[in-house]
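In what follows, residues are counted from 1 in the order of the sequence shown. The structure displayed is predicted, hence computed values, not measured ones.
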Amino acid sequence: MNKGMLIVLSGPSGSGKGTVLKKFLEENDFKVSISATSREPRENEIDGVNYFFKLREEFEEMIENDDFFEYAMFNGNYYGTPKEYVLKELEKGNDVILEIEVQGAMQVKSIVPDCVLIFMTTPNINILKERLIGRNTESMEVIEQRLNTALAEVDYINCYDYLIINDDVDIAVRDLKDAIKNAKAKVAKNNNFIKYFKGEI
Ligand code: 5GP
């Protein structure tokens, strides 16, 4: 059995990647890893659903125990992908999606070079600012911090396999679907060739 495909989705906070991913998952069967974070829960966020919310010390203990597939410090908080779930699902042959920021994505790329990296963003920084303000979940200080982070994050776009501009949610969902379909077709074609080359088919 082929192992599952690991898909990494990154993009600035406020780019709408969470909304797009949620819509995508309504129609497509993928496993999604739930991250751990030391950030405070937002209103409506549920422990074990949105994140595993940890105290900073608890997160650091998990780092010590080598519990993370990848982790990063983002705007003063830890975020990390618990190792066990991802490895188990990939081993079972299931496709797994990680919604993580760029530092973590680069770590994943070095551990699993054949992962698929997808970057999603708003058409420009002004729209990102409007969305972050409209979301009304962070203070202006945190929003400014996230905008500065976004300016640094877009410099990584060339390290990604696909870029999706999220101007319209439905189009972005379709683009995400197409990118994954495309990546899967490439892997299937390559695997077929490998078998053919070895004389197995
Ligand atoms: P937020 O605080 O808005 O939920 O997330 C902030 C950023 O952390 C987002 O870009 C999100 O994709 C990223 N993030 C969420 N979980 C993880 C994770 O497990 N690892 C890393 N490296 N980034 C994460």
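We find the CD-CD distance between E57 and E64 to be 12.5 Å, quoted to the nearest 0.5 Å. Here the CD atom belonging to E61 is positioned 10.5 Å from the CG atom belonging to L55, to the nearest 0.5 angstrom. The structure places CZ of R174 at 10.0 Å from CD1 of I164, a figure rounded to the nearest 0.5 Å. In this structure, S10 OG and I157 CD1 are separated by 10.5 Å, a value rounded to the nearest 0.5 Å. S38 OG to M73 CE: the interatomic distance, rounded to the nearest 0.5 Å, is 6.5 Å. Atom CZ of F52 is separated from atom CG of D47 by 7.5 Å, given to the nearest 0.5 angstrom.
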Given L117 and F119, is the side chain to side chain contact (heavy atoms under 4.5 Å, CB included) satisfied, shown in steps? CA-CA 7 Å; L117 293 161; F119 195 95; over 6 Å; no
Between L6 and F69, does a side chain to side chain contact (heavy atoms under 4.5 Å, CB included) hold up when you go through it step by step? CA-CA 12 Å; L6 186 57; F69 190 55; 3.7 Å; yes
Would Y79 and S35 count as a side chain to side chain contact (heavy atoms under 4.5 Å, CB included) here? Give the steps. CA-CA 7 Å; Y79 293 84; S35 299; 5.6 Å; no
Using the side chain to side chain contact (heavy atoms under 4.5 Å, CB included) rule, take N166 and R131 through it: C-alpha gap first, then chi angles, then the decisive distance, then the call. CA-CA 12 Å; N166 181 16; R131 286 201 195 160; 3.6 Å; yes
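For K54, there are no side chain to side chain donor-acceptor pair (under 3.5 Å) partners, not counting sequence neighbours. For E45, the side chain to side chain donor-acceptor pair (under 3.5 Å) test picks out R39, with sequence neighbours left out. For D167, the side-chain contact (heavy atoms from CB on, under 4.5 Å) criterion is met by P123, not counting sequence neighbours.
Just one residue in the list E153, K129, E138 forms a side chain to side chain contact (heavy atoms under 4.5 Å, CB included) with R146, and that residue is E138.
In terms of modelled atom types and a separation under 3.5 Å, the side chain of N124 and the main chain of N126 share a donor-acceptor contact. Between the S33 side chain and the V86 main chain, no donor and acceptor come within less than 3.5 Å of each other. A donor-acceptor contact shorter than 3.5 Å is absent between the side chain of T37 and the backbone of F53. E70 places a side-chain N or O within 3.5 Å of a backbone atom of T81 that can act as its donor or acceptor partner. N94 contributes no side-chain N or O that, together with a main-chain N or O of G4, makes up a donor-acceptor pair within less than 3.5 Å.
Scanning both residues, A36 and F68, for their nearest heavy atoms gives CB-CE2, 3.9 Å. When all heavy atoms of M120 and P12 are compared, the closest pair comes out as O-CD, 3.4 Å. The two atoms that bring D95 and M5 nearest to each other are OD1-N, 2.7 Å, heavy atoms only.
Under the 4.5 Å side-chain criterion, counting only non-hydrogen atoms from C-beta, K92 is not in contact with K31. Inter-residue side-chain proximity for D66 and K83 is flagged as met; some heavy-atom pair is nearer than 4.5 Å.
Using a 4.5 Å cut-off between side-chain heavy atoms of Ile, Leu, Val, Met, Phe, Trp and Tyr, with links allowed through other members, Y160 and L9 fall into different hydrophobic clusters. Put simply, L98 and L25 are part of two different groups of oily side chains (I, L, V, M, F, W, Y) that touch within less than 4.5 Å, one to the next. Cluster annotation: I63 is not connected to I34 through the hydrophobic network of ILVMFWY side chains, with a link wherever side-chain heavy atoms come within less than 4.5 Å. By the criterion of side-chain heavy atoms lying less than 4.5 angstrom apart, applied directly or through intervening Ile, Leu, Val, Met, Phe, Trp or Tyr residues, V169 is grouped together with F30 in one hydrophobic cluster. No continuous path of hydrophobic side-chain contacts links I165 to I118 [ILVMFWY only; heavy atoms under 4.5 Å].
As a member of the Ile/Leu/Val/Met/Phe/Trp/Tyr network built from side-chain separations under 4.5 Å, I46 groups with V49. Clustering of Ile, Leu, Val, Met, Phe, Trp and Tyr side chains at separations under 4.5 Å places I133 together with I125, L128, L132, M140, I143, L147, L151.
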Please tabulate, for the side chains in residues 106-115, all donor-acceptor contacts under 3.5 angstrom to protein atoms that are two or more places apart in sequence or on a different chain.
unit_1: Q107; atom_1: OE1; unit_2: Y71; atom_2: N; d: 3.3
unit_1: Q107; atom_1: NE2; unit_2: Y71; atom_2: O; d: 2.7
unit_1: K109; atom_1: NZ; unit_2: C159; atom_2: O; d: 2.9
unit_1: S110; atom_1: OG; unit_2: Q107; atom_2: O; d: 2.8

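Within a 6.0 Å radius of CD in E141, other residues, nucleotides and ligands contribute 12 heavy atoms or fewer. Atom CG of D29 has 12 or fewer heavy atoms from other residues, nucleotides or ligands within 6.0 Å. By the 6.0 Å contact criterion, NZ on K88 is enclosed, its count of non-hydrogen atoms from other residues, nucleotides or ligands being greater than 12.
Here K23 does not pair with E26 in a salt bridge; the nearest charged N to carboxylate O distance is not below 4.0 Å.
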